Amino acid sequence: MAHTLPSGDQASDQDKWDSGGLECNQQLLIEIVMRNRLIALVVDGDTTCWVLEQELLHSYGVQTLDVDNSRDAVDLIASNAEFNLIIIEKIIPVLNGLEVTRQIREIGVRCKMLEVTACSGESERQAFLATGVDVFIEKPLDPEHLVPILRELDRQ
C-alpha cells in the first residue's frame, strides 16, 4: 500500500514542515501524498458533503472513490479494492455507519478509518471507536483534522 522514503528523507520532510508556512506545508503534503499515491474511499449519502470531502482530499493530492451507500462500500471492499483511508458518515443509506464499519473491519481491512458526523455525543464516539474507527470527528472534515492523518499515513 503506502510506500515511504528512507528515514533520512522523512526527517528532511519534518524539517521542511516545521520551517514552512501554510502554503509551503500544503505543497509538502501534496508531495508526500503523491509520493505514496494515497487513495481514499468516501462513504456519504449526502452528495453535498461527499463533494466537499472529495474536494478537500483532492486539494491535498489524494485520489478518491465515492459511494453514497453502505452496500456499495462493503461490495467494493469485498472485491479487494485497497484504500489508505476510508471516510464514513454515520447516517448513510442501507446500513448505518456503525454497521458498515463493523463489516469492513470483519472483512479484514486495517487501513485508517475516519468517522465524520453532524451528531457527535460521547456515547456515539465510544461506539464507533469500539467498531474499529481510528478517528471520530464532527463535520465538516477540515484540514485541521485531515493533515495529521495524511502525515501519519506517510509514515506507514
Side-chain angles (χ1 to χ4, degrees), residues 1-5 10 13-14 17 25-26 28-156:
M1 278 179 78
H3 302 287
T4 57
L5 293 177
Q10 285 183 351
D13 282 348
Q14 184 66 47
W17 182 268
N25 288 346
Q26 183 170 12
L28 179 60
L29 194 58
I30 290 170
E31 290 171 16
I32 290 169
V33 168
M34 296 306 285
R35 173 174 66 216
N36 291 317
R37 295 187 178 115
L38 298 180
I39 302 172
L41 173 63
V42 178
V43 185
D44 198 320
D46 182 328
T47 304
T48 301
C49 290
W50 70 251
V51 166
L52 292 172
E53 292 161 358
Q54 178 188 52
E55 289 302 314
L56 178 61
L57 290 160
H58 287 176
S59 75
Y60 288 103
V62 178
Q63 297 176 29
T64 62
L65 185 59
D66 309 284
V67 296
D68 64 359
N69 68 76
S70 56
R71 180 181 44 244
D72 289 348
V74 171
D75 289 347
L76 190 60
I77 298 293
S79 74
N80 294 321
E82 292 188 19
F83 300 96
N84 305 95
L85 175 64
I86 299 175
I87 300 171
I88 300 176
E89 161 60 47
K90 176 188 172 206
I91 302 169
I92 49 178
V94 185
L95 302 171
N96 66 34
L98 273 170
E99 187 56 36
V100 73
T101 300
R102 187 175 294 112
Q103 286 188 14
I104 289 171
R105 288 299 191 209
E106 286 174 359
I107 291 171
V109 171
R110 296 291 162 239
C111 73
K112 184 70 108 179
M113 291 181 72
L114 171 64
E115 180 68 34
V116 293
T117 184
C119 317
S120 64
E122 181 60 25
S123 62
E124 289 177 323
R125 187 178 85 75
Q126 291 300 323
F128 274 99
L129 293 173
T131 64
V133 166
D134 299 296
V135 180
F136 181 88
I137 65 164
E138 284 185 53
K139 282 186 173 184
L141 178 61
D142 58 22
E144 180 182 338
H145 291 97
L146 181 62
V147 167
I149 292 167
L150 296 177
R151 294 192 70 221
E152 180 182 335
L153 290 172
D154 180 52
R155 291 187 290 270
Q156 293 181 351

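This is a predicted model, so every value here is computed, not measured.
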### Task
For residues Leu85 and Leu146, determine if any side-chain heavy atom of one lies less than 4.5 Å from a side-chain heavy atom of the other.
yes
### Query
Below 4.5 Å, heavy atoms only, C-beta onward: do His58 and Thr64 meet side chain to side chain?
yes
### Task
Would you give the length of the straight line joining atom OG1 of Thr101 to atom CE of Met113, rounded to the nearest 0.5 angstrom?
4.0 Å
### Task
Answer yes or no: is there a side-chain heavy-atom contact under 4.5 Å between Arg110 and Arg105?
yes
### Query
Can you tell me how far SG of Cys111 sits from CG of Leu38, rounded to the nearest 0.5 angstrom?
11.0 Å
### Message
Contact between Lys112 and Leu153 at the side-chain level, heavy atoms closer than 4.5 Å - yes or no?
### Response
yes
### Query
Salt bridge check: are Asp44 and Lys139 linked by an N-O gap of less than 4.0 Å?
yes
### Task
Taking the side chain as every heavy atom from C-beta outward, state whether Val109 and Phe83 have any pair of such atoms under 4.5 Å apart.
no
### Task
Please round to the nearest 0.5 Å and tell me the distance separating atom CG of Asp68 and atom SG of Cys49.
12.5 Å
### Query
Hey, does Val74 have a side-chain heavy atom less than 4.5 Å from the side chain of Ile107?
yes
### Query
Which heavy atom of Pro143 sits nearest a heavy atom of Pro148, and at what distance?
O-CD, 3.9 Å
### Message
For a quick test of reading the model, state the closest non-hydrogen atom pair linking Ile88 to Ile86 and the distance between them.
### Response
CG1-CG2, 3.6 Å
### Query
Quick one: does Asp134's side chain have a donor or acceptor within less than 3.5 Å of a partner on Leu114's backbone?
no
### Nearest atoms (heavy-atom pairs only) where Leu57 meets Ala40
CD1-CB, 4.1 Å
### Query
Taking only residues at least two apart or on different chains, which pairs with a member in residues 49-67 satisfy salt bridge (Lys or Arg N to Asp or Glu O under 4.0 Å)?
none
### Query
Atom CG in Leu141, atom CD in Glu115: separation rounded to 0.5 Å?
11.5 Å
### Query
Rounded to the nearest 0.5 Å, how far apart are CD of Glu106 and OG1 of Thr131?
10.0 Å
### Reported CG-to-CD distance for the pair Asn84 and Glu152, which is rounded to 0.5 angstrom
12.0 Å
### Message
Under the criterion side chain to side chain contact (heavy atoms under 4.5 Å, CB included), I'd like the reasoning laid out for Phe128 against Thr117: C-alpha separation, chi angles, the key distance, then a yes or no.
### Response
CA-CA 11 Å; Phe128 274 99; Thr117 184; 5.9 Å; no
### Query
Below 4.5 Å, heavy atoms only, C-beta onward: do Asp75 and Val67 meet side chain to side chain?
no
